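Just so it is clear: chains get the letters A, B, ... in the order the sequence lines come, proteins before strands, and each one is counted from 1. Just so it is clear, the model here is predicted, and its values are computed rather than measured.
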Protein chains: 2
Amino acid sequence: MNKKNVIAYCPVDYAFKRIGGKYKGRILWVLRDSCMRYGELKRAIIGITPKMLTQTLRELEADELVSRKVYLEVPPKVEYSLTSTGEELIPLIKQLRSWGEKQMSRN
Amino acid sequence: MNKKNVIAYCPVDYAFKRIGGKYKGRILWVLRDSCMRYGELKRAIIGITPKMLTQTLRELEADELVSRKVYLEVPPKVEYSLTSTGEELIPLIKQLRSWGEKQMSRN
DNA sequence: CCGCATCCTAAACGATACTG
DNA sequence: CAGTATCGTTTAGGATGCGG
């Protein structure tokens, strides 16, 4: 657990710190029903730079929402998947999506 | 609707843009079952400065999650309450809170 | 293939003082 | 009471190039 937790006195804030940020929601969502390799994620999350992808994945990993499995092969292979804690968020993200979709179509 | 919507191609991002930020979740939450005056909100959201409170309320208002009612009295009185769209978010925030609480007690 | 290092910009947030 | 105004700090995010 990182430093942010210490000051996250409020559960709402705590949750937002963990799944907020520009790409975390999208990454968790695309990982919802299968693991993915780094390159697959890079293609799936349109517009993300390698730096941000790595950085975001590291944060998700530190928060134990995503796990990282390295295969010692050449060429390298790394797979990312949701942890059980991460999976608990999927229904929640699903609802967020529904709400978002509904709002977006209000025009 | 503001400019952010245009680039929010993804519903997850769209939702996060609307309820993310340091205080939005907390403000929506404290407004869940009654309207509140500016000063009440200021006391309820510990640590917020008047600048951030006003700024955040204006954004929530622009996104039609909160409505602002001004009473033309002396001294001034302004009441904030959830709109129906804002109310739709409450069950979602409730779940976020539950998840957050559960995670926070994992230590 | 899967990153890391460096530098940089922009946006969010904060401190403080003041006002109709 | 319910805000504004100004300025400063901090952090998130982006561009680009290199490396095992």
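For the pair B/R68 and B/E79, the salt-bridge criterion is not met [side-chain N within less than 4.0 Å of a carboxylate O]. One finds no salt bridge joining B/R18 and B/E59 here, because no Lys/Arg side-chain nitrogen approaches an Asp/Glu carboxylate oxygen to under 4.0 Å.
The CZ-C1' distance, from A/F16 to D/dA12, rounds to 17 Å in whole Å. Residue B/L57 contributes atom CG, which lies 8 Å from atom P of D/dG3 at whole-angstrom precision. Here D/dC1 presents its P atom at 14 Å from CD of B/E79, a figure rounded to the nearest Å. If you take NZ of A/K24 and P of D/dA12, they are 9 Å apart, rounded to a whole angstrom. In this entry the distance linking CD of A/E59 with P of D/dA12 reads 7 Å, nearest Å. Atoms CD (A/E73) and P (C/dC2) sit 10 Å apart, rounded to a whole Å. One interatomic measurement links the two molecules: CG of A/L53 to P of C/dA5, which rounds to 16 Å at whole-angstrom precision. Note: CE (A/M36) to C1' (C/dG3) measures 17 Å, nearest angstrom.
Heavy atoms only, all atoms of each residue included: B/L96 and A/A15 are closest at CD2-CB, 3.6 Å. The minimum heavy-atom distance between A/R97 and B/P11, with the atom names listed, is O-CB, 3.6 Å.
B/S67 and B/T83 form no side-chain donor-acceptor contact under 3.5 Å, judged by distance and modelled atom types alone.
Look at A/R43 and you won't find any side-chain N or O under 4.0 angstrom from OP1 or OP2 of C/dC1. At least one side-chain nitrogen or oxygen of A/R68 sits closer than 4.0 Å to the OP1 or OP2 atom of C/dG3. Contact between the side-chain N/O atoms of B/R37 and the OP1/OP2 oxygens of D/dA2 is found at a separation under 4.0 Å.
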Please write out each protein N/O paired with an N/O of nucleotides 14-17 of chain C under 3.5 Å, distance rounded to 0.1 Å.
unit_1 : atom_1 : unit_2 : atom_2 : d
C/dG14 : OP1    : B/K22  : NZ     : 2.2
C/dG14 : OP1    : B/Y23  : OH     : 3.4
C/dG14 : OP2    : B/Y23  : OH     : 2.6
C/dG14 : N7     : B/K51  : NZ     : 3.1
C/dG14 : O6     : B/K51  : NZ     : 2.5

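Checking A/P76 against A/Q55, the closest nucleotide of DNA chain D that is more toward the 5' end is the one next to A/Q55.
Here B/I48 contributes atom CD1 and B/L57 contributes atom CG; the two are 7.0 Å apart, rounded to the nearest 0.5 Å.
Listed for the A/Y38 side chain is a donor-acceptor partner under 3.5 Å among the backbone atoms of A/P50.
A/Y80 comes within 4.0 angstrom of the backbone, heavy atoms only, and of no base.
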